[in-house]
Amino acid sequence: MMDVHRANQIHTRFQVTTSPPGPIYNPPPSFQLLSLGSASDQTPCYINPQSNQSSQRDRSTPHNIIYSHNADGSVQQIIPNAPVSSMIQPGRQGKNIPPCFLPSVNEGMQRCSPQQMPHYSPHSPHQAISAAFQPPFMHQMSLNGPQSPVQKQPPFGSSSFTPCGGEGSSHPLAVQLTTTGTISDFITNAAQERIITPQSPISESRYGLDPELLPSVVKVMEEDRAEWEGKVFVSEPFSRLPPLATTSCIIEDNGNASPFAIRSTCYCVPCEGQTALLSRLPMGALVTPLAKQNAGEKPLLVCNQSECIIGCRCCGASMCPAMDWQDCGQRFYCPFCGKLTEVPWQHYQPTKGVNGDRVDKDKRPELSMGSYEILNTQKDEPAALVLAIDVSATALRQGHLEFVTQQIHTLLTSINREDGDASDIRVGLMTYDSRIHLYDLSPVLTRPHMLVITETEDLQLPVREGLLVSLKECMDGIDSVLQLIPQFSPESDDPTGVSMDLPVKAGLAVLQTLNCPGKLLIFHTAPLIEMGLKNTSSGFFGCHKPKSIFQPSEFAVSLAKECIHQGCGVHLFVLSQQNVGGAWPGHVPYLTGGALHKYSHLQGELDRERFSTDLKTIVETDTGFKAELRIFVSKDLRVSGSYGLFVPGPSPSQVAMATLDERTTVAVELAHSRALDETRGAAIQAVLSYTTQNGDMRTRVHTLTLRCSRQLQDTFRLFQAQTLLTFYCKKMYCSVLERPLQELREELQTDVTEALASYRKHCCSASVSAGQLVLPQYLRALPVYINSLRKSEVLLPGLRSSVHQRLQQRCQVLSMDTCSTTTHFYPHLLPLPLSADGSNPPSPVDVLRCCSASLEPRGLYLVHAPLTLLLWVGTQVPIRTLVELFNTSCFSSLPSGETKLPILDNPLSVKIQSFINTLNSKAPWARKIAQLLVAAVETVLLSQLWVVKQGDTCEEALQRHLVEDKSPNGGASYADFLYHLHVNSVRMLQ
C-alpha cells in the first residue's frame, strides 16, 4: 500500500525538462514531452519528488499537462520551477486535481477491484467505477454525450481528496490501478463547489489543466508559416515532409507531385506490415486530381498522346520518374507491378550516368515531372448546360419565377458576350410540374416550340434537334421563353408536391439523346417527394427508409449511377422553405459532383444576392466530366479502401465521378501485401481520365515517391496531423452509412490512444515516466483535431441539430480538400481592429486559439471557416467603433443574426469590409452556416455575415466553433480529451 500520507505533505511544483537519453535509444528530433507529473523544488518531472520508496508507484499517474516546444529537436523549459498556482487557473488555485475517474456524489458504494476497472472512454465516464453502478446525470456527465441546455452537469473539482489507504491525504496524480478501495475513495469531498452548464462552454478543464499550456494548433501553423511562407519547396523523390496545407508556398515539381495534388499521411512508409500496424495510424493518401497551381508556380505541362512514352502494358500505370530504366533504355521496370516493359522503337533513347536516366529526360515531362497531363487524340462531345424550372402551382404562387428568370437571363447574356469557348456552350431549357415541357430552340424556327410530355414513367423524347443549341444561336429564343415563364397559368394544383426524380430523369434523357456530358441546374419550389415514391407521405418516418439517416435510397443511388455514366452533374436550387421532416433531395446532386442550395426567403435581399453568386459560380467553375480516377501503388502494397463523395465501385482503386472540380478530394487507404524493399521505396500514382468543357479528353498523372524504413520512429517522425485529420474525416463520414456513430467516435479515440501508447513504448527512452505525455513533433495538433472531429454535428448531434442540416454538412465536408477540412474543424479566430488610427490592417495570419478565453469584452473577433463567417461583438466595445462599423452608438440596438454591414465612408469600415471580401474571395464556395435556432441552412456572402453579440441567444452558433471548449452538443473540451488520451495510453502499457 502506498504511503499516501507523505504524498499529501508534498508541495507540488511543475517543471518542463529535457528527458535524458535512454540506455539504448536517444529520442529523435520529433520527440515532444508534456509533463503531467509533479516535481518538487528543481527535481525533473520524470523523477518522483518523494523520497519514500512506498510512493514510487505515483510516477505512473498523470497530473497537469504543460506544453514544451522543441522545433529544433530539443525540449525547452517554458516555466521552470513554476508552482501549481502559476499554471492552474485562478478559479482552481488551492484545489487538488481530481483523478482520471469522474467524481460522483453517491456514497456508500461497494469496493471495486482492479479487474473491475476497464479501459476508460469519454463516451462512458462511469465505466471505470463499477459495472453495476448507474450514476445519476449519465448524459450530462458524459464527455461526448447529449446535454440538455436546461439541466446542469454534476459538479467537478475538489479542495480535498481521500485516496485509497487513508484520510486527509492529497492525490497528486491519477489513482493507482493496483490498489483496492471504495468508490468514495475516488470522490471529492467538495465536489459541489462548481457547477458547469453546457450552455456556457468554458476553457477551464475539470482536471485543472491550463489550456494555454497545451499544444497549440495556432503555434504549429505559425511555425510552419515562418519556415515556408512565400518560399519554394522542392518536391523530389524521397523528399522530406512538405509544408502544411494551410501554408501558402511555391511548389517546385522536381520528380514528385505537388502535395496539393497528392499528399501522403506519412512520408516514410514502414517496410513491414507489422510495423505499420504497430504505429496504429492509417497509411494512405489524399488525392486532389484537378488541384490548381499556386501563384508563382509553373503551369502544368501538357504532352500529346502520340508523343508521350507509353506506360506499363501489364498494369496500365502511366509513365513517370519512378520507372527504372534498364538495358540502356530498351525496357523499364514498373514499380507498380514489378514487371519489365519493352520500349517501342519510336520512343527509344539511350541512358546515361550511374542513375540510368534517359538522355531526353529533361525534355519529356513524363520522365522528369511528378505531375503532367496527356492530351488524347480522341475528342468527346462538348459539355452542355441544361436548365429545368419548376412551374407548378406552388411555384407560381410563391412569386420567385420572375426573379429566377431574370437572373438566368443576366447570366446567359454575360456569357454570350464573352470571347472564347464559354460563349459556344450548348444550352437546353425545360419547365416542369407534373409533366415535362421541352423547348425546341432551333435557330431556323421563328419562335421556340413547346413540347409537352405527359407520360413521365417511361420517358421518351419526341425530337432530338433543337433541345441543345449553341448559346450564340439561341439567345433570342431563350430570352423569349424566360419572359413568358412567370406568366404561366397553373394547370393543376397537386398538394402532394413534385417528385425530385422527374426533372433529373428528363435532363438526363436530353443529355443521353445527344450523347454529351453537362451540368443540370434545377430550380425547384414545390414540396419535395422522395424519389421513386408516388402518392406517399414524404415524412422522414415514412416507409422504405434506409437503416441510417445518412444512407441514400436505392432509387437515388441508381439514378446517381446513370448520371455518373453520362457525366451529368446535378445542381439543385430549392427556392422555398420545405416542411420539417420532408425528404432530403441532396443525395443525387452531391453524388454526381453537384450541390444542394437552399434559400428559405428568396424575397429577401441577402438570399437574392447569394442566389446570384451561387448561380454564377456553378456555371463558371472549371469542371471535369466523365471522370475516372485510378490509383496505382507499389507491388508490395494494395489499396484497401477509398473514401469521398462518390458512389463506391467494385474496386477501391477505381473511382468513377460524373463531375469534379479543383477541390474534389478522394482519400485512399493502403495496406501491405508483403514487405517493401527499403532501397526502392514506395510509389503512389493517381491517373485521372476526364473530359473538359470543350470536349477534349485528357489524362492527368500524379506520382508520389516515398522513402521506406524499418524503424518505427522514422515513421512517426514523418506523419502530418492535418493530413490525418482529413483522412479520418473522409473515412468516418463515409462509415456513418453503415456503422453506429458512437462506435465511430470510440474508434477515433482508440486509434489515437493506441498510437500514443505505441510511440511511448517503442520510440521513447526507458527513463520517461508515466507522468509525461509524449507526442511526435508533427502530431502535436492531432488530439485537438480528432476531438473536434469526434464532436462534430455529423458524429455527435446536438439537441438543436436537424437531420437535413447534418446531411448537408456531411456532404459539404466530404467534398473539401485538406486545407478547407483543416480550417473547418479548427476555424480561424481573427481579432479585428477597433479603430483605424495607427493600427495595422487585419491579417488572416493573426490567428488566436479557438476558445472562449481568447475573447475579450472590449474586442471584435471574426470566426473564419469554409462554411462560416461570424462576427463576435463584445459588450465593452468602444462607442466610436460601433458608430464607425455599424452606424449605431448603442450595443443593444446592434443587429443580431445574419446581416449585412453598412457601407460607411470611414477608414475602419473600409478596412474591415475589404478584409471580409478578401476572405470570401478565397472561400471554396458560398459560405453557409447552420442557424441552430431554426435549424435552417443560411449563407454568408460578400459583406454578409452572422453577427453575434456577447450574451445574446445567437451566441450558441459561435460556441460550436470554439472547438477547444466544451461544445453545446456535449463534446469534451480539448484539455479533458488530451488528459484522457494520456491516461488511457499509460494504462495500456501497465
Side-chain angles (χ1 to χ4, degrees), residues 90 200-203 212 218 222 604-606 609-610 823 827-865 868-923 927 929 931 933 938-962 964-965:
S200 302
I202 54 177
S203 302
E212 292 298 324
V218 174
E222 287 178 354
E605 180 184 359
L606 298 181
E609 290 186 12
R610 179 164 63 92
T823 312
H828 291 173
L829 181 60
L830 306 169
L832 297 180
L834 300 179
S835 65
D837 300 336
S839 62
N840 296 325
S843 173
V845 299
D846 300 331
V847 183
L848 303 177
R849 301 187 67 159
C850 278
C851 59
S852 57
S854 301
L855 304 176
E856 297 181 359
R858 287 183 52 84
L860 293 170
Y861 299 89
L862 200 65
V863 178
H864 163 54
T868 305
L869 193 62
L870 299 176
L871 177 61
W872 186 84
V873 184
T875 55
Q876 301 178 16
V877 172
I879 297 179
R880 177 184 175 184
T881 303
L882 297 179
V883 173
E884 293 181 353
L885 192 58
F886 299 99
N887 198 24
T888 180
S889 59
C890 181
F891 177 81
S892 59
S893 63
L894 284 179
S896 182
E898 187 181 14
T899 184
K900 186 175 181 179
L901 288 180
I903 300 177
L904 304 176
D905 188 14
N906 62 77
L908 179 62
S909 178
V910 172
K911 184 183 297 185
I912 293 183
Q913 292 271 5
S914 175
F915 179 61
I916 292 177
N917 291 336
T918 301
L919 294 178
N920 281 296
S921 65
K922 300 178 181 179
R927 301 179 184 276
I929 179 172
Q931 184 183 355
L933 301 180
E938 304 291 345
T939 294
V940 185
L941 194 59
L942 299 178
S943 299
Q944 307 164 18
L945 73 163
W946 193 271
V947 175
V948 177
K949 298 190 296 183
Q950 183 180 5
D952 194 78
T953 55
C954 294
E955 200 169 17
E956 185 178 346
L958 172 69
Q959 295 170 1
R960 293 177 54 248
H961 298 90
L962 300 179
E964 292 196 17
D965 293 343

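When reading the values below, keep in mind they use all heavy atoms of this one structure, side chains included, and skip hydrogens, waters and symmetry mates. Throughout, numbering of the chain's residues begins at 1 and tracks the sequence.
- Considering all non-hydrogen atoms of both residues, Asp965 and Cys851 come closest at OD1-CB, 3.3 Å.
- Side-chain contact between Leu855 and Leu829 is present, with heavy atoms from C-beta onward closer than 4.5 Å.
- Val883 is not listed as a side-chain neighbour of Asn906, based on a closest heavy-atom distance of 4.5 Å or more.
- Counting only heavy atoms from C-beta outward, the side chains of Val877 and Phe891 never approach each other to under 4.5 Å.
- Judged by distance alone, the side chain of Thr888 and the main-chain N or O of Leu894 form no donor-acceptor pair under 3.5 Å.
- Side chains of Leu830 and Val847 form a contact here, defined as non-hydrogen atoms less than 4.5 Å apart.
- Taking the side chain as every heavy atom from C-beta outward, Val948 and Val863 never approach each other to under 4.5 Å.
- Considering Glu955, His961, Gln950 in turn, Glu955 is the only one that fulfils the side-chain hydrogen bond (donor to acceptor under 3.5 Å, both in side chains) rule with Trp872.
- A distance of 10.0 Å separates CG of Leu832 from CG of Asp846, quoted to the nearest 0.5 Å.
- The closest donor-acceptor contact from the side chain of Thr868 to the backbone of Ala865 lies at 3.5 Å or more, if one exists at all.
- Side chains of Leu904 and Glu884 form no contact here, defined as non-hydrogen atoms less than 4.5 Å apart.
- Taking 4.5 Å as the limit, some side-chain heavy atom of Trp946 sits within range of a side-chain heavy atom of Cys954.
- Taking both residues in full, the closest heavy atoms of Ile912 and Pro833 are given as CD1-O, 4.2 Å, listed atom of the first, atom of the second, then distance.
- For the atom pair CG (Leu871) and CG (Leu958), the distance works out to 10.0 Å, reported to the nearest 0.5 Å.
- Between atom NE2 of residue His828 and atom SG of residue Cys850 there is a gap of 8.0 Å, rounded to the nearest 0.5 Å.
- Tyr861 places no side-chain N or O within donor-acceptor distance of the main-chain N or O of Gly874, the cut-off being under 3.5 Å.
- The minimum heavy-atom distance linking Pro902 with Ser909 is given by the pair O-OG, 3.7 Å.
- More than 12 non-hydrogen atoms from other residues, nucleotides or ligands lie less than 6.0 angstrom from CD of Gln876.
- Between Asp952 atom CG and Ser892 atom OG the span is 11.0 Å, to the nearest 0.5 Å.
- In terms of heavy atoms, Thr881 sits closest to Leu834 at OG1-O, 2.5 Å.
- Of all heavy-atom pairs spanning Leu862 and Phe915, the tightest one is CD2-CE2, 3.9 Å.
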